[in-house]
Amino acid sequence: MKTILIVLFLAACPVAALAANTGKTITHEDLWLMPRVGAPVPSPDGRFVVFQVIEPAYKKEDNQTNLWLVPSDGSTGARRITQNTSSEAGVSWSADSARIAFAAKRGEAKEPQIWILDLAHGGEALKATNLSTGASWPKFSPDGSRVLFASRVYADAKDDEANKKLAKQSEDKKYKARVYTGFPIRNWDKWIDDKQIHLLVETIGRTDSRDLLVGTALAKLPGFALSNDDDGGAVWAPDGKSIIFSASRNRDRAAWSFTNNDLYQVSVDGGEPKRLTGAEAEDVGDSYTAPKFSRDGRSLIASFEPNSGSSYNANRLVVLDWPGGREKARIELPDARSVSSFGISPDGREVFITAEDAGQEKLYRAAITGGTATLLGGPTHGVWERLSVAGTSAPVLIGNYESATEPPEIVRIDASGNSAKKLTTFATAKAAALSLPPVENFTFTNSRGVPIHSMLVRPPQFDSSKKYPLLVLMHGGPYSQWRDSWVLRWNYHLLAAPGYVVLLTNYIGSTGVGEAFSRKIEGDPLKGPAQDINEAADEAIRKFSFIDATHQCAAGASYGGHLSNWLQGTTTRYRCLISHAGMVNLESQWGTSDSIYGREVGAGGPVWEQGAVWREQNPIRLAANFKTPVLVTAGEKDFRVPINNDIEYWSALQRQRVESRLVVFPDENHWILDGENSRYYYKEVHDWLGRWLKDAPVAK
């Protein structure tokens, strides 16, 4: 195999490399207790930015989550603007940049409510809603007199009293049963019940909440759901007389078909929502989410995902004229990369976009008239993400910056894409005190002639005179990528801390290269990507003389766990494996997961047809080959990869007498989110790797 590109950040950044080699080795406490800076929300005039900061603790009741404010010009540091034991979320600004609204659970409240804080005049936040079903995702009306928000309500309840009555009836039932007549029935770690997310409008200072969707034909459809099960990206129309939102009307078809979201418009006075996108006779069309209006109110831009029949489609942007609502342009990224975030310039002429690119996320710009966006630039390493654009004349671009060595902070990105200015430094000093070698990028051509991007992380206090074991880490998805970013779940440096080299490969099927590259995984869900993983390990061993080829282990979670289980049946090159939330049986995963149709498309047909993928790329069918010691971990509440797959894997391992260890977290879902559980999980991982890789580097 021929190497076509290698970029070593250690060579590019000798000062950073030296610091990374002399600092303290990262511990779980360093990782978990690091302040976590959330997504920025700039004021419409672009002068200030509100954001959430989590000050985590191992005991949930000791977590502190508050809102902070920082000027966008960086003239002063950030200041805390809320101080409560509960967290605030879903922040939005009033159009005059004077007030913010947010959702919070304060005092004895059982559900979060909407609060409004006047930043221009000071004072305490005032409670704006008082609903038994709670309230979230507030948005001020253009004139600032009303607030739009979302609430999880009983589908037929006309008001809050009706919701209270139905809740009481449910609580008083002498039996407990879930009854379904259609799909889906679960989502991630929750059962779908008889409640729906609806949109409500309330006049500030009154208790006149109006449910805009109750009783509508749209909400009564069995396939109705607001997109992403939150607020459907709801926004006010420029004249304040209606709301635009994204919703599905065909989610109930998810067992046998792709589904989609359309844009709808509903009057603030109620009535049937009007569908703005898709042909009237169309059953399942393209998908539209995240609507945003230009400042002049003449354009509505939304994220657009075409329905191509493939299980992966990159996000584009679509431009609708307003108030007509007719499509007038589409915007794509080079190589059909997928839009991650976007914002509209104040003059309404341009759109700024961030998108993944080979382990990074960079800045692009496009004319609102459509066409292909132009790459402006990106950080030297790391990612710019969660972009928002504000300002009254020149665009003010605000986002998060992070890298594998720097936790997320708020930055102001130059509109040229050449640089960014840090506005916050909550975790900077703590991260700088740690030995965190920068990631090193290399790209090689695999045996099928396709360029494959990988990143490599050296261990702390790296000594070039020693050889180090190799940990091959496989990302989930598969439609995601390893990024030069700060990771909590699989932190590269914490995994490398005992003295391992960590290899991160963006195999075929990953994002960040283009739509065609991601789609290559269809019809080859495990064999091809696993081949890329093994070949990348071979390439790393050839390229980096400090890797000990005799000591290799591989680990992955979710789809990465699927790959780990495939490696179990197809190779004995690894001394050990780690599989978290990993699928071992394609057929039982298809039948028990909360999402099934895309798996069928990726396999080339339904299970009962027993096409080649079902027969040839199902790890359980290779159980006769299982030999490698493996640590299997799972969350009992995981509905995306239900625990039956982990138990089935465990049974096969025990039947084959393969040395193995099973760890089940009863209170966790697809991810391990509790601090103490996470600490224990990393201990299990380190203990397992230490047993097979040995802790100390070996002399050359």
Side-chain angles (χ1 to χ4, degrees), residues 39 42 227-228 231-235 237-238 244-248 260-265 275-278 285-308 310 312-357 361-378 383-391 395 397-399 413 415 417 479 511-516 518-519:
S227 65
N228 301 320
D231 69 340
V235 294
I244 312 304
F245 64 95
S246 171
S248 172
N260 75 301
N261 297 297
D262 279 305
L263 298 183
Y264 290 85
Q265 180 182 18
R275 185 154 64 102
L276 300 176
T277 56
D286 303 324
S287 206
Y288 301 81
T289 57
K292 295 181 182 181
F293 279 100
S294 60
R295 184 70 59 85
D296 60 15
R298 298 171 61 185
S299 298
L300 174 63
I301 302 182
S303 179
F304 160 73
E305 181 183 340
N307 178 15
S308 67
S310 171
Y312 177 79
N313 299 286
N315 289 323
R316 285 86 163 160
L317 295 179
V318 62
V319 184
L320 308 179
D321 71 353
W322 198 259
R326 294 176 297 275
E327 180 179 324
K328 61 180 182 180
R330 292 187 179 184
I331 297 170
E332 289 209 8
L333 290 163
D335 300 314
R337 284 179 168 84
S338 189
V339 172
S340 296
S341 61
F342 72 95
I344 309 167
S345 64
D347 62 10
R349 296 178 179 178
E350 295 180 317
V351 183
F352 292 91
I353 302 165
T354 65
E356 291 180 335
D357 185 349
E361 191 166 329
K362 299 179 180 179
L363 181 68
Y364 295 76
R365 180 175 59 200
I368 204 167
T369 51
T372 301
T374 301
L375 173 65
L376 296 178
V383 299
W384 290 336
E385 58 185 354
R386 299 169 177 171
L387 176 70
S388 289
V389 180
L397 277 63
I398 305 294
I413 305 169
Y479 302 125
T511 56
V513 180
E515 188 175 68
S518 301
R519 285 181 177 174

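In this chain, numbering begins with 1 at the start of the sequence shown.
Interatomic distance, CZ of Arg349 versus CG of Asp296, reported as 9.5 Å (0.5 Å rounding). Note that CD1 of Ile413 is 8.0 Å distant from CD1 of Ile398, once rounded to the nearest 0.5 Å. Here CG of Leu276 is found 10.5 Å from OH of Tyr288. Values are rounded to the nearest 0.5 Å. Atom-to-atom distance recorded for Arg330:CZ and Asp286:CG is 6.0 Å, nearest 0.5 angstrom. Considering CG of Leu263 and OG1 of Thr277, their distance stands at 4.5 Å, rounded to 0.5 Å. Atom CG of Asn315 is separated from atom OG of Ser303 by 3.5 Å, given to the nearest 0.5 angstrom.
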Task: side-chain contact (heavy atoms from CB on, under 4.5 Å) evaluation trace for Leu397 with Leu363 - done: CA-CA 10 Å; Leu397 277 63; Leu363 181 68; 3.8 Å; yes
Open item on the list: Test side-chain contact (heavy atoms from CB on, under 4.5 Å) on Ile301 and Val351; report intermediate values, then the result.
Closed with: CA-CA 9 Å; Ile301 302 182; Val351 183; 3.5 Å; yes
Task: Phe352/Arg365 under side-chain contact (heavy atoms from CB on, under 4.5 Å): CA gap, chis, key distance, verdict - done: CA-CA 5 Å; Phe352 292 91; Arg365 180 175 59 200; 3.7 Å; yes
Task: Test log, rule side-chain contact (heavy atoms from CB on, under 4.5 Å), inputs Tyr312 and Ser338 - done: CA-CA 10 Å; Tyr312 177 79; Ser338 189; 3.6 Å; yes
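Of the N and O atoms on the side chains of Ser308 and Asn313, at least one donor lies less than 3.5 Å from an acceptor on the other residue. Residues Ser518 and Thr511 have side chains that never bring a donor and an acceptor to within less than 3.5 angstrom of each other.
The two residues Lys362 and Gly378 make their nearest non-hydrogen contact at CG-CA, 4.0 Å. Residues Ser287 and Asn261 share a closest heavy-atom pair of OG-N, 2.9 Å. Val383 and Glu361 get closest at one heavy-atom pair: CG1-N, 3.3 Å. Annotation for Ala373 and Ile353: closest pair CB-CD1, 4.2 Å, computed over non-hydrogen atoms. Heavy-atom minimum distance, Ile331 versus Ala367: CD1-O, 3.6 Å. Among all heavy-atom pairs drawn from Asn260 and Gly285, the shortest one is CB-O, 3.3 Å.
A search for side-chain contact (heavy atoms from CB on, under 4.5 Å) contacts involving Glu332 returns Arg316, Ala336, not counting sequence neighbours.
Ring geometry for Phe245 against Tyr264 counts as parallel: the plane angle stays under 30°, on a 0 to 90° scale with 60° as the upper cut.
Checked by atom type and distance alone, the side chain of Arg295 never pairs as donor or acceptor with a backbone atom of Ile344 at under 3.5 Å. Between the Ser246 side chain and the Gly232 main chain, no donor and acceptor come within less than 3.5 Å of each other. Remark: side-chain polar atoms of Thr354 are not paired, donor with acceptor, to backbone N or O of Glu385 under 3.5 angstrom. Here the side chain of Ser227 pairs no donor or acceptor atom with the backbone of Ala247 at under 3.5 angstrom. Judged by distance alone, the side chain of Asp321 and the main-chain N or O of Gly325 form a donor-acceptor pair under 3.5 Å. Checked by atom type and distance alone, the side chain of Ser345 pairs as donor or acceptor with a backbone atom of Glu350 at under 3.5 Å. Looking only at distances, no side-chain donor or acceptor of Arg386 sits under 3.5 Å from a matching main-chain atom of Ser341.
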